[in-house]
Amino acid sequence: MNHWLVKSEPFKYSWDHLVAEKTGVWDGVRNYAARNNLMSMKVGDLVLFYHSNEGKEVVGLARVSKEHYPDPTTDDPRWVVVELQPVEKFPKTVTLEQVKADKRLQHIPLVTQSRLSVQPIGKPEFDIIVSLAHD
DNA sequence: GCCAACGTTGGC
DNA sequence: GCCAACGTTGGC
């Protein structure tokens, strides 16, 4: 199983929005690197949910409930979506500041490639963030 | 196929 | 609101 981190501006699509919908369609990705990551997602993969701009923190955990299919918001066949379901709202959010301050997390894409909206994350780093969220 | 111009993202 | 990083577009 792989682990991921997705980013969303809470103004556009927030964690609470995902919880309210129960199943969220992750649409609107228009970047090849992010798209390739979407296409690598498997049902059951765990996904950290990060709020960019406002908050700048990891707020919860989701899982992939449906693998990629063509993005219904465009006729362009290059773009795909996946579906996500909320798993857990973290008792404590993990801020970007915390991530940057942690030596073990210096090399994750959230830090090194801040613009990528769908990122892979290693199991060890994933576990570190989850444990920070339960401190 | 290169590269300059331009647009967007996202942290500060 | 600014700006750095970086992706995309289009002229050559």
Side-chain angles (χ1 to χ4, degrees):
Chain A
M1 129 146 59
N2 290 310
H3 299 79
W4 310 93
L5 182 148
V6 297
K7 303 199 300 188
S8 180
E9 297 189 50
F11 175 74
K12 282 194 202 159
Y13 192 92
S14 68
W15 170 260
D16 288 342
H17 194 160
L18 177 65
V19 170
E21 284 193 320
K22 297 202 174 64
T23 296
V25 179
W26 206 257
D27 61 23
V29 169
R30 298 291 182 270
N31 168 286
Y32 289 109
R35 190 275 315 260
N36 291 344
N37 289 329
L38 286 183
M39 295 198 306
S40 300
M41 287 184 179
K42 301 292 181 203
V43 168
D45 280 1
L46 294 174
V47 182
L48 296 168
F49 195 110
Y50 175 83
H51 280 169
S52 62
N53 269 310
E54 257 176 85
K56 285 172 289 179
E57 56 195 7
V58 181
V59 292
L61 182 64
R63 60 182 279 279
V64 177
S65 59
K66 189 167 182 183
E67 283 162 30
H68 68 92
Y69 58 91
D71 189 333
T73 66
T74 176
D75 289 334
D76 192 327
R78 293 175 299 172
W79 307 119
V80 302
V81 300
V82 297
E83 291 181 6
L84 299 179
Q85 290 176 344
V87 172
E88 182 199 15
K89 181 188 173 77
F90 287 144
K92 290 180 63 179
T93 61
V94 181
T95 63
L96 180 61
E97 197 179 7
Q98 277 178 278
V99 170
K100 284 185 166 175
D102 195 313
K103 284 200 173 60
R104 300 167 298 176
L105 300 174
Q106 292 301 297
H107 59 284
I108 66 171
L110 184 66
V111 177
T112 61
Q113 233 188 314
S114 64
R115 289 187 50 198
L116 186 59
S117 60
V118 181
Q119 324 183 342
I121 184 166
K123 176 79 162 71
E125 292 79 12
F126 174 89
D127 287 342
I128 290 165
I129 291 174
V130 169
S131 71
L132 288 173
H134 292 90
D135 256 356

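Letters A, B, ... are given to chains in the order of the sequence lines, protein chains preceding strands, and every chain is numbered from 1. None of these values were measured; they are calculated from a predicted model.
Heavy atoms from other residues, nucleotides or ligands lying under 6.0 Å from CG of D75(A) number 12 at most.
Between E57(A) and T93(A), the side chains place a donor N or O and an acceptor N or O closer than 3.5 Å (distance only, hydrogens not considered). Between the side chains of D71(A) and T73(A), at least one donor-acceptor pair of N or O atoms lies under 3.5 Å. Side-chain contact check for D45(A) and W4(A): at least one donor-acceptor pair (N or O, by modelled atom type) lies under 3.5 Å.
Evaluation of the salt bridge (Lys or Arg N to Asp or Glu O under 4.0 Å) rule for R104(A) yields D102(A) as partners, not counting sequence neighbours.
The minimum heavy-atom distance between W15(A) and F49(A), with the atom names listed, is N-CE2, 3.5 Å. The minimum heavy-atom distance linking E125(A) with H107(A) is given by the pair OE2-NE2, 3.1 Å.
If you check residues 29-41 of chain A against DNA chain B, you find no residue with a heavy atom closer than 4.0 Å.
Pairs passing the ring-ring contact (aromatic ring centres under 6.0 Å, His included) check and including a residue from residues 108-135 of chain A, sequence neighbours excluded, read H3(A)-F126(A), F90(A)-H134(A).
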Ignoring hydrogens and angles, write down the donor-acceptor pairs under 3.5 Å from the side chains of residues 58-66 of chain A, residues two or more places apart or on other chains.
| unit_1 | atom_1 | unit_2 | atom_2 | d |
| --- | --- | --- | --- | --- |
| R63(A) | NH1 | Q85(A) | OE1 | 3.0 |
| S65(A) | OG | E83(A) | O | 3.3 |

Report all interatomic pairs (protein N or O, nucleotide N or O of nucleotides 10-12 of chain B) with separations under 3.5 Å.
| unit_1 | atom_1 | unit_2 | atom_2 | d |
| --- | --- | --- | --- | --- |
| dG10(B) | OP1 | K7(A) | NZ | 3.3 |
| dG10(B) | OP1 | R115(A) | O | 3.4 |
| dG11(B) | OP1 | Y50(A) | OH | 3.0 |
| dG11(B) | OP2 | N53(A) | N | 3.0 |
| dC12(B) | OP1 | K100(A) | NZ | 2.8 |

Quick one, give me the B/S/- string for nucleotides 1-6 of chain B, reading 5' to 3', where B means a protein heavy atom under 4.0 Å from the base and S means that only happens at the primed atoms, P, OP1 or OP2.
------

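Considering only side-chain N and O atoms, Q113(A) lies nowhere under 4.0 angstrom from the phosphate OP1 or OP2 of dT9(B).
Atoms CG and NE2, from L96(A) and H51(A) in turn, are 14.0 Å apart once rounded to the nearest 0.5 Å.
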